[in-house]
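Labels below follow one simple rule: chain letters A, B, ... track the order of the sequence lines, proteins then strands, and each chain is numbered from 1.
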Amino acid sequence: MPMESKYDHKSVESKIYKMWEEGGYFKAERDPAKKPYTIILPPPNASGKMHMGNVLMIAIEDILIRWKRMQGLSALWVPGTDHAGFETQTTFERELKKEGKSRFDFDRNTLYQKIWDFVQKNRYLIEGQIRQMGASVDWSRYRFTLDPQSLKIVQSTFEKMHKDGLIYRDDYVVNYSFKWGTTFSDAEVVFVEKIDPLYYIKYGPLTVATVRPETKWGDTALAVNPNDERYKKYIGQEISFTDPLGEQKLKVIADSYVDSAFGTGVLKVTPAHDKNDYEIGLRHGLQVKSVMGLDGRMNENAGKYKGLKIAEARKQAIEDLTSMGLVEKVDQNYTHTVPVDYRSNDYIEMLPVPNWFIKVDSLKKKALEVVENGELNIYPKWREVTYTRWVENMHDWAISRQVVWGIRIPAWYSAKENPTLEVAFLDKDGNYKFGKLSDFDFDEVKNGLQRVTAAKNTKYVISETCPGDDYLQETDTFDTWFSSGQWPLITLGYPDSDDFKYYYPTNVLETGWEIVTRWVSRMVMFGIYATGKSPFKDVYLHGMVRAVDGKKMSKNLGNNIDPDEYFEKYGVDALRMGLIFGTANGKDFAFPKDKVIAYRNFANKVWNMARFFLMESDTYKQSAGKELNFYSDEQHAELVEADKKIIDGLNALTKSVNENLDKYRFADAAEGIYHFMWDELASRYLENLKSREDKDAALAVFRHVFLNCLKLLHPFMPFITEEIWSNLPKEDATPLIVSSWPK
RNA sequence: GGGCGAUUAGCUCAGCUGGUUAGAGCGCUUGGUUUACAUCCAUGAGGUCAUAGGUUCGAUCCCUAUAUCGCCCACCA
């Protein structure tokens, strides 16, 4: 096929990808004679769309995989997508809203099925874009986090942990709506400004300002700032005082969270009903004491207020406190923000709700050890502290989420044994109801079930299948990171597949640094827990691609850059190379548009170098009446200075590309190839070649150097190099993707 | 408030272990109708390496302080 004077990426890219895929070149074969090289693609959201961060991620991983594949290793790159539990459910609910519906209009199973269909309908998008990018992933090993194989591994890990005593249930403070009888995620909670009375209430010698006097019986400490001179003498003391429920005692603790300038500088710590207080409680080992139940009424901890609704209890408490002279003053115009749910603007309470936890102490210890002893290396090195600090401070991990779209926790509650289970469901007429299980017909609840809330001491059975007729399954799902944390195990078929035995542990985990805490640390923990080995030897963290204005890309700022636009305008190769420029030191970087243009120009330059060679060798053939010879290393001694220089230059380049790739210095490797090909091979050698008498020698040397440059460049710019390769006469008939890497 | 990092040419950024005239791309100057390429070729200008101290024979690089900016986490009882 004749080469046009301009490189047209549009006509080349899809054709080349098809050739690769149909040729089976992405498929990795287990071969005991070869060394394995494995990368697991960090799974993008199955129903999402490619963003610049994904493009950079795929570009880097494809470079590594193509490089190792050409070096003769059994290079496996496993693709997959994530169900992205919460994010996807939120997206879906926005769709529902357009139809005037919400998740409360469907029972759990129906809602799950609807989201499943939604995701299936949309997943072609991201999969298509991975192909468009030229990613040489092994599609035959594709995984989705909700595939049956994935579920099986995730559930059995949970069972194993449960057997090992690493799983427990405890209350966790979440956003709870009494109006809906369910929890809301942080993202579903909106804050509205409200004016409420701020009561200054005496606690013995101290006074606390609060808008929530009814929660005072959930207080388990008073807190002051450690630097607050006024209260230094109370720190560590236990103070006694009287209130409407009688004699009380509370310890005074010091915590820098407390703002001395607010109110009196003394904070009542109510871990059960405030997120921050909960955190303080964790730091100081305070008891979590709830004063209200899931029914929206005060519980036994509220003494004589038991059974009252919250608003009533507050009114009553203030009356009682006032009559006892314990209200120092009231600020009637205190403006603050209160949480409400996004649907009905009804109050959200912070409430301890039973959740599932993992004990992390033993796991995190090992996750730190592998970094200390060099079994796991984090690049760039200065990011390591982000990992270690976070893991060191990790609390027990709440793995359950009150989200439908996810892997359901395989725990079952017997209705007979637990008649007080709290349930929410659609009755046979489609009406939303919630309350105690024993107040309803069991089958009706089971059929229309939306959620079950079991108190933390409720008896349960762990089982992947329903253990009996009267059982309801836990409605909580696993935190997305619980399943994606097992991604290396899932994708390679842990524990006994041949792939797993051959390819695990993987070589490098490449991802954006912003998820090193949430994701990388979890994979390390699960990997070591299941196999005793870190799931990867290296972690390479790339910087975030920011917008052209240097800010984070976001829909709100309207500074998003759509990769599609650049694929279209400059080609995949150019965009990949342009982004690689930002990886030089692992820092975040503004989208380097100029570099994309530079590499688009470079693509055209390389293209024309090939054209020039073809024309020259054609001319030679006609005048000499024979084909051009192939260069071989034995000729090296007889070469003229210019020839030796360019061949030595190629060898030096090969060495430096290898060294840079070994160190994950992609930008240096790319720039090296760019300058050698343009400045040395084109501007110097080619220009000089035009006036050479011994065209046969010069052209042979040129072809040798150029073909090897194409190989070096191929991992970076796979499409154009493959297309040029197919147009050049050469000894090696295999496609470039599976040709051998220069020595 | 806690953490991480940055400040180098007009712009976006390299500069890995302190050591010649501090580099690239884009942009800009001037010139170019050589059939590979104008997405090109040749040429030139442009930098007190944020500021102030310190360590050193020597600092863009190491240390301290200041200023400004960005990101992550937490955000007011």
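As a whole-Å value, the separation of L681(A) CG from C40(B) C1' is 16 Å. One atom, CG of D679(A), and another, C1' of G23(B), lie 13 Å apart when rounded to the nearest Å. Between the C1' atom of A74(B) and the CG atom of D274(A) lies a distance of 13 Å, rounded to the nearest Å. What separates CE of M577(A) from P of C26(B) is a distance of 14 Å, to the nearest Å. Rounded to whole Å, atom P of C26(B) lies 11 Å from atom CD of E671(A). In this structure, L222(A) atom CG and A77(B) atom C1' are separated by 12 Å, rounded to whole Å. Atoms CE (M717(A)) and C1' (U39(B)) sit 12 Å apart, rounded to a whole Å. Note: CG (L267(A)) to P (C75(B)) measures 13 Å, nearest angstrom.
Distance alone, capped at 3.5 Å, is enough to place a donor-acceptor pair between the D277(A) side chain and the T270(A) backbone.
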Generate the contact string for nucleotides 27-37 of chain B. Rules: B means base contact, S means sugar-phosphate contact only, - means no protein heavy atom under 4.0 Å. ---------BB
Counting primed atoms plus P, OP1 and OP2 as sugar-phosphate and everything else as base, spell out the protein contacts along nucleotides 3-12 of chain B at 4.0 Å heavy-atom distance: B, S or - for each nucleotide, 5' to 3'. SSSS----BS
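Scored by the salt bridge (Lys or Arg N to Asp or Glu O under 4.0 Å) test, R665(A) finds D668(A) as partners (sequence neighbours excluded). The side chain to side chain donor-acceptor pair (under 3.5 Å) check on E328(A) picks up T207(A), with sequence neighbours excluded. Residues that satisfy the side chain to side chain donor-acceptor pair (under 3.5 Å) test with Y203(A), not counting sequence neighbours, are D219(A). Annotation: side chain to side chain donor-acceptor pair (under 3.5 Å) contacts of Y685(A) (sequence neighbours excluded): D643(A). Under the side chain to side chain donor-acceptor pair (under 3.5 Å) criterion, D396(A) pairs with Y168(A), sequence neighbours left out. Partners of R703(A) under the salt bridge (Lys or Arg N to Asp or Glu O under 4.0 Å) rule, at least two apart in sequence or in another chain, do not exist in this structure. Listed by chain and residue number, nothing satisfies the ring-ring contact (aromatic ring centres under 6.0 Å, His included) test with F716(A) (two or more places apart in sequence, or in another chain). In terms of the ring-ring contact (aromatic ring centres under 6.0 Å, His included) criterion, W725(A) has no residue partners (sequence neighbours excluded).
Nucleotides U29(B) and G46(B), compared at atom P, are 15 Å apart to the nearest Å. As rounded to the nearest Å, U56(B) and C63(B) have P atoms that lie 16 Å from one another. As rounded to the nearest Å, A38(B) and C71(B) have C1' atoms that lie 41 Å from one another. Taking atom C1' on both C61(B) and A6(B), the two are 15 Å apart, rounded to the nearest angstrom. Straight-line distance between the P atoms of U33(B) and C16(B): roughly 43 Å, to the nearest whole Å. Taking the P atom of each, C73(B) and A65(B) are spaced 27 Å apart, rounded to whole Å. On the C1' atoms, A50(B) is 15 Å away from G5(B), given to the nearest whole Å.
In terms of position on RNA chain B, the residue among V211(A) and A598(A) whose nearest nucleotide sits closer to the 5' end is A598(A). Between N601(A) and A667(A), the residue whose closest nucleotide on RNA chain B is further toward the 5' end is A667(A).
The strand RNA chain B forms stems, runs of 3 or more Watson-Crick or G-U wobble pairs with distances below 3.5 Å, at B:1-7 with B:67-73, B:10-13 with B:23-26, B:30-32 with B:40-42, B:50-54 with B:62-66.
Taking the six-membered ring where the residue is Trp, the centroids of F706(A) and F613(A) are separated by 6.0 Å or more.
Residue pairs satisfying the side-chain hydrogen bond (donor to acceptor under 3.5 Å, both in side chains) criterion with at least one member in residues 596-606 of chain A, sequence neighbours excluded, are listed as follows: Y599(A)-E671(A).
The pair K690(A)-E687(A) counts as a salt bridge, with a side-chain nitrogen and a carboxylate oxygen less than 4.0 angstrom apart.
Between R665(A) and the phosphate of G15(B), there is a side-chain N or O to OP1/OP2 separation shorter than 4.0 Å.
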